[in-house]
Amino acid sequence: MSDNIFQSKEFKNNLHNYEAARIAGSSIYLEPDELTDIAEYYHMHGRLDAALEAIDTAIDMFPGAAEPLAFKARTAIFMGKETSEAMRYANMIDDKHDLDYYYLIAEIMIADGLIDDAEAYLEEKEKEVDEDDLTDYYLDVSTLFADYDTYGLAQRWLDKCEEEDEDDYIELKARIALSKNDTTSAKRLYNALIDRNPYQTAYWNGLASAQYMASEFNESINSSDFALAIEGDNCDALLNKGNCFMVLGNYDDAIVFYKRYQQLQPNNEIAEMGIAAIHMAKGELERALHHWKEAERLCPAHSNNRLDIYRNITLAYASMGRYDNAFSYIDKMKGMATAKQSDTYVLQGYVMLVASKSAEAEHFFSLALDTTAKEDKDYTLYFIAYCY
């Protein structure tokens, strides 16, 4: 969903009327998609209880409507609950031919790690989509895969779309370029979108991300400032400014922006990760470990951030001489599908080096090389050298 909908006069009126009725204890009639928009707004601003209250109102008023039930199911996934709960809400949707139903079933599969099954399911359902809706279908499916960092499939579905001048098409193309670290193309595409619509915060945030990846940190901060001028509490812009200040070594300003982000997204692990990284950089290991543990507590089970959190907790424990704790987190990493075996062996070797056990370190480094694909040998050798 575009953040710009929250700036529209219609949405602001609906939100005002909804909140006025809620305070007065009276009822108000809004369509299911309008109530879902309000829930999305609350969720984006870290007000999960208010979001669920709005969505439960929608489900009570419109039992079987696709959008509110899909939101409820996705919230279950976001909160790290069993996907069976998400499927329970999906089964409550009356219209099993609604596109939102198709997307939700595929998303549940992806959250379960069944990416190939999701791809096959969406290909099968493509045959049932009206020709007039195919462009939207291709863009929505591509967005779904991009949201789960499955950019190869995102590109494959984007290639099916013939409406290459659509803003959504260009934005997805920019996101895919970023995933390939093609910052030149991404910046060009986001600038083209900004020329079309300079009041779309998502485009400024995309440009800021591309500039950050290109190490253009001051330019990235400037782009985030444009986003914040449009929407003063835009989470992505606040987070990006925190990250830029962190890299520039301006730790005091970085923490200010991480904490502003945290106020808006108290259930998100990202701010804790940023604050933890600052304390690590300052050598404040106990404080860093506290924030890494908080990030671990908040991080959903399916999030790609969990691996990074475990790695940093391992490094903190190793630096503190608490080697048993460090190895316990390496064991947790080994149980994750996203963890490369060679990387965990390198990390084990590093902990052994810190513990002054050079023979054991060499053993794990050898295992790392043995389990590394031929084309990645230089990558592994570089990190082994870095450990030494």
Side-chain angles (χ1 to χ4, degrees), residues 1-4 135 138-231 234-250 253-254 257 261 270 273-274 277 304-305 307-308 338 340 373 375-380 382-383 386:
M1 174 190 295
S2 168
D3 293 348
N4 265 18
T135 293
Y138 296 148
L139 291 172
D140 289 341
V141 171
S142 180
T143 300
L144 174 61
F145 282 120
D147 287 346
Y148 279 85
D149 298 324
T150 312
Y151 287 101
L153 289 176
Q155 181 67 68
R156 179 176 173 184
W157 282 86
L158 190 64
D159 289 342
K160 293 174 180 255
C161 183
E162 297 179 356
E163 302 292 334
E164 297 184 9
D165 198 46
E166 290 278 342
D167 287 353
D168 288 345
Y169 179 96
I170 297 170
E171 185 179 9
L172 276 167
K173 193 173 179 181
R175 289 179 64 186
I176 292 169
L178 270 186
S179 76
K180 299 175 181 177
N181 205 28
D182 182 1
T183 56
T184 300
S185 295
K187 286 187 290 183
R188 175 178 54 79
L189 292 164
Y190 280 121
N191 275 311
L193 289 168
I194 288 168
D195 287 343
R196 294 185 180 194
N197 185 355
Y199 297 102
Q200 171 60 278
T201 55
Y203 301 159
W204 285 109
N205 287 328
L207 178 60
S209 294
Q211 291 164 331
Y212 178 88
M213 290 178 66
S215 299
E216 299 167 355
F217 302 116
N218 289 316
E219 292 87 345
S220 183
I221 289 171
N222 190 48
S223 294
S224 292
D225 283 338
F226 276 106
L228 291 169
I230 299 166
E231 182 188 352
N234 185 275
C235 293
D236 289 338
L238 292 171
L239 180 62
N240 185 68
K241 286 193 73 171
N243 290 339
C244 287
F245 283 130
M246 163 73 178
V247 173
L248 292 170
N250 189 343
D253 282 344
F257 281 95
Y261 177 90
I270 296 290
M273 293 176 69
N304 290 333
N305 288 329
L307 188 62
D308 192 38
T338 52
K340 290 175 63 177
E375 61 271 19
D376 295 329
K377 292 284 186 185
D378 286 347
Y379 172 90
T380 299
Y382 170 82
F383 281 103
Y386 189 82

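All values derive from a computational prediction rather than experimental measurement. We use all heavy atoms of the structure for the numbers below, so side chains are in, but hydrogens, waters and symmetry mates are not.
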Checking [X] side chain against [Y] main chain: does a donor-acceptor pair fall under 3.5 Å?
X      : Y      : value
Ser209 : Asn205 : yes
Asn191 : Lys187 : yes
Ser220 : Phe217 : no
Ser142 : Tyr138 : no

**Request:** Might you work through the salt bridge (charged side-chain N to carboxylate O under 4.0 Å, His left out) test for Asp182 and Lys173, ending with a clear yes or no?
**Result:** CA-CA 11 Å; Asp182 182 1; Lys173 193 173 179 181; over 6 Å; no
**Message:** Let's go through Val141 and Lys160 carefully: what are the C-alpha distance in whole Å and the side-chain angles of both, what is the deciding distance for side-chain contact (heavy atoms from CB on, under 4.5 Å) to 0.1 Å, and is it a yes or a no?
**Reply:** CA-CA 11 Å; Val141 171; Lys160 293 174 180 255; over 6 Å; no
Closest non-hydrogen atom pair between [X] and [Y], with its separation:
X      : Y      : value
Cys244 : Tyr212 : SG-CD1, 3.6 Å
Ala186 : Ala174 : CB-O, 3.8 Å
Asn240 : Ala208 : ND2-CB, 3.5 Å
Gln200 : Ile230 : N-CD1, 4.3 Å
Tyr190 : Arg175 : OH-CG, 3.5 Å
Gly206 : Leu178 : O-CD1, 4.2 Å

Got a second to check how far [X]'s [atom1] is from [Y]'s [atom2], nearest 0.5 Å?
X      : Y      : atom1 : atom2 : answer
Arg188 : Ile170 : CZ    : CD1   : 9.5 Å
Leu238 : Ile270 : CG    : CD1   : 13.5 Å
Asp165 : Arg196 : CG    : CZ    : 4.0 Å
Asp236 : Leu228 : CG    : CG    : 10.0 Å
Thr201 : Asn234 : OG1   : CG    : 4.5 Å
Asp167 : Asn197 : CG    : CG    : 7.0 Å

**Message:** Does this structure show an ion pair linking Asp253 with Lys241, if we count only N-O contacts that are shorter than 4.0 Å?
**Reply:**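 The answer is no: the pair does not qualify as a salt bridge.
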**Prompt:** What about Phe257 and Tyr261, are their ring centers closer than 6.0 Å?
**Reply:**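 No, the ring of Phe257 stays outside the 6.0 Å limit from the ring of Tyr261, centre to centre.
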**Prompt:** Run the side-chain hydrogen bond (donor to acceptor under 3.5 Å, both in side chains) check on Asp149 and Asn304 step by step: do they pass?
**Reply:** CA-CA 9 Å; Asp149 298 324; Asn304 290 333; 2.7 Å; yes
**Message:** Below 30° counts as parallel, above 60° as perpendicular, anything between as tilted: where do the rings of Phe226 and Trp204 land?
**Reply:** parallel
**Request:** Using a 4.5 Å cut-off on heavy atoms from C-beta on, say whether the side chain of Asn218 contacts that of Leu248.
**Result:**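 Yes, close enough: below the 4.5 Å cut-off.
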**Request:** Would you check, one step at a time, whether the test side-chain hydrogen bond (donor to acceptor under 3.5 Å, both in side chains) holds for Glu166 with Thr135?
**Result:** CA-CA 10 Å; Glu166 290 278 342; Thr135 293; over 6 Å; no
**Request:** Any chance you could lay out the side-chain contact (heavy atoms from CB on, under 4.5 Å) test for Leu193 and Leu189, step after step, and finish with the verdict?
**Result:** CA-CA 6 Å; Leu193 289 168; Leu189 292 164; 5.5 Å; no
